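One structure below.
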Amino acid sequence: MTTTTADRAVVSASRAPQKRAREGRGVATTAHIALILWSLLVILPLVWTVLSSFKSTQEVLGNPLALPGKLRFGNYATAWTTAGIGRYFTNTVIVVASALVLVMILGAMCAYVLARFSFRGNRLIYYSMLAGLTFPVFLAIVPLFFVLKNLSLLNTLPGLIITYVAFALPFTVFFLHSFFKALPGEVYEAAQIDGAGEWRTFFSVMLPMARPGMASVAIFNFLGLWNQFLLPVALNTDSKNYVLSQGMASFASQAGYAVDFGALFAAVVITVAPVLVVYIIFQRQLQVSVTQGSVK
């Protein structure tokens, strides 16, 4: 019996779904293996750091991979008080919180105006903001130093706050511009018909509608500002005003080989913990923002 071309086509068509299913399972398996390996690369160092924060220096140097003999919570007290991490933590919270509030308000207002209103110089301002994203930070250190010195803001927390806002503003405007651009114009017109002014329309109507984008950019800005190192080192040399990144570097180097590694790892945990907490709280908003961006 001979097999016709039609029969071969039918057999091939019947096998195609099975082939696609096997390929799909292969891709899914490979993706899961890659994600598991990546998760281990991220989680294991974090777990090791947390365990080391409860060890003594002898335990850390003697057997780094072993479990702590007993939980030494005193390492956290030593890091917080003796090493000054508490003061650095307070300074960081003040600087980052103030800069974050300012940059979110100013960035949202600027992005809203650039996205919703047409006026002379609109595109020039927008592209100038984009150019700020490409400007290397280290090239601005010397001019910033003299500007802050002339304003008597060098080595002060307000000077650091203003600098943080200036460097975070272009990214905030760029990120939020597309969110405000995509908001329906009918909502704005309805608010105007109801008698709402521009300020009330922005704060009561348009800004809440861009909440997913606001949450996402706030997370990104928080991470960037919390981990900032170059700007504080260059513009904030007064030890009383050190932020956490400076305090950690000072703590790790001040004692040389006699550093208390248990307290050092405890300080690392204190530094990392707020970032994890913020992400856990706002991860759903971040996922919603990414999903909306992909749909658009």
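Positions are given from 1, in the same order as the sequence printed here. From a predicted model like this one, the values you see are computed outputs, not experimental measurements.
- Legend: residues meeting ring pair (Phe, Tyr, Trp, His ring centres under 6.0 Å) with Trp226, ordered by chain and number and at least two apart, are Phe89, Phe222.
- A donor-acceptor contact shorter than 3.5 Å links the side chain of Thr92 to the backbone of Leu244.
- Interatomic distance, Leu207 CG to Thr201 OG1, rounded to the nearest 0.5 Å: 12.0 Å.
- Linking ILVMFWY side-chain heavy atoms closer than 4.5 Å, directly or via other members, places Leu44 and Ile36 in a single hydrophobic cluster.
- Looking at Asn91, its side chain does come within 3.5 Å of a backbone N or O of Lys240 through a donor-acceptor pair.
- Looking at heavy atoms from C-beta onward, Asn75 lies out of side-chain contact with Phe265 at the 4.5 angstrom threshold.
- The main-chain N or O of Val50 is found under 3.5 Å from a side-chain atom of Ser53 such that the two form a donor-acceptor pair.
- A distance-only check finds a donor-acceptor pair linking the side chain of Gln246 to the backbone of Asn236 [under 3.5 Å].
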request  = Could you give me the CA-CA distance, side-chain angles and deciding distance for Phe119 and Val113, then say whether side-chain contact (heavy atoms from CB on, under 4.5 Å) is met?
outcome  = CA-CA 10 Å; Phe119 55 90; Val113 172; 3.7 Å; yes
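- Val165 and Leu230 fall within the same hydrophobic cluster, defined by Ile, Leu, Val, Met, Phe, Trp and Tyr side-chain heavy atoms under 4.5 Å apart, directly or through other members.
- Side-chain atoms of Arg116 come within 3.5 Å of backbone N or O of Leu183 as a donor-acceptor pair.
- Using a 4.5 Å cut-off between side-chain heavy atoms of Ile, Leu, Val, Met, Phe, Trp and Tyr, with links allowed through other members, Phe138 and Phe135 fall into the same hydrophobic cluster.
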ask   = Ile270 and Trp80: side-chain contact (heavy atoms from CB on, under 4.5 Å), yes or no, with the steps?
value = CA-CA 9 Å; Ile270 293 173; Trp80 189 264; 4.0 Å; yes
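- To the nearest 0.5 Å, atom CG of residue Leu151 and atom OG1 of residue Thr156 are 9.5 Å apart.
- Although no hydrogens or angles enter the test, the distance criterion places a donor-acceptor pair under 3.5 Å between the side chain of Trp48 and the main chain of Pro64.
- Not one N or O on the side chain of Thr172 forms a donor-acceptor pair closer than 3.5 Å with the backbone of Met104.
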task = Could you go through the side-chain contact (heavy atoms from CB on, under 4.5 Å) check for Val272 and Thr49 one step at a time?
result = CA-CA 10 Å; Val272 173; Thr49 301; over 6 Å; no
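- In terms of heavy atoms, Leu160 sits closest to Pro232 at CD1-CA, 4.0 Å.
- The side-chain contact (heavy atoms from CB on, under 4.5 Å) search around Asn227 returns none, not counting sequence neighbours.
- Annotation: the span from Thr163 atom OG1 to Leu148 atom CG amounts to 4.5 Å, rounded to 0.5 Å.
- Checked by atom type and distance alone, the side chain of Asn122 never pairs as donor or acceptor with a backbone atom of Ser118 at under 3.5 Å.
- For the salt bridge (Lys or Arg N to Asp or Glu O under 4.0 Å) condition, the pairs that include at least one residue of residues 33-60, sequence neighbours left out, are Glu59-Arg72.
- Distance check, rounded to the nearest 0.5 Å: CG of Leu130 to CD1 of Ile125 gives 12.5 Å.
- One distance of note links CG of Leu176 with CE of Met214; it measures 6.0 Å at 0.5 Å rounding.
- The minimum heavy-atom distance between Ala191 and Val205, with the atom names listed, is CB-CG2, 4.2 Å.
- Side-chain atoms of Phe261 and Leu61, non-hydrogen and from C-beta on, do get closer than 4.5 Å to each other.
- Considering only heavy atoms from C-beta on, Phe167 comes within 4.5 Å of Leu144 through its side chain.
- No side-chain heavy atom of Val142 sits less than 4.5 Å from a side-chain heavy atom of Phe145.
- By the side-chain contact (heavy atoms from CB on, under 4.5 Å) test, Ile105 pairs with Val101, Met109, sequence neighbours left out.
- Checked by atom type and distance alone, the side chain of His177 never pairs as donor or acceptor with a backbone atom of Val173 at under 3.5 Å.
- The hydrophobic clustering, which links ILVMFWY residues whose side-chain heavy atoms are closer than 4.5 Å, places Leu114 and Leu124 apart.
- Leu225 CG to Ser245 OG: the interatomic distance, rounded to the nearest 0.5 Å, is 11.0 Å.
- Residues meeting the ring pair (Phe, Tyr, Trp, His ring centres under 6.0 Å) test with Tyr76, sequence neighbours left out: Phe54.
- Side-chain contact between Leu264 and Asp260: absent, with no pair of heavy atoms (C-beta onward) separated by less than 4.5 Å.
- The closest side-chain heavy-atom distance from Ile85 to Met248 is below 4.5 Å.
- Under the 4.5 Å side-chain heavy-atom criterion for Ile, Leu, Val, Met, Phe, Trp and Tyr, Val278 and Val42 are members of distinct hydrophobic clusters.
- Residue pairs meeting the ring pair (Phe, Tyr, Trp, His ring centres under 6.0 Å) criterion with at least one member in residues 184-208, sequence neighbours excluded, are Tyr112-Phe202.
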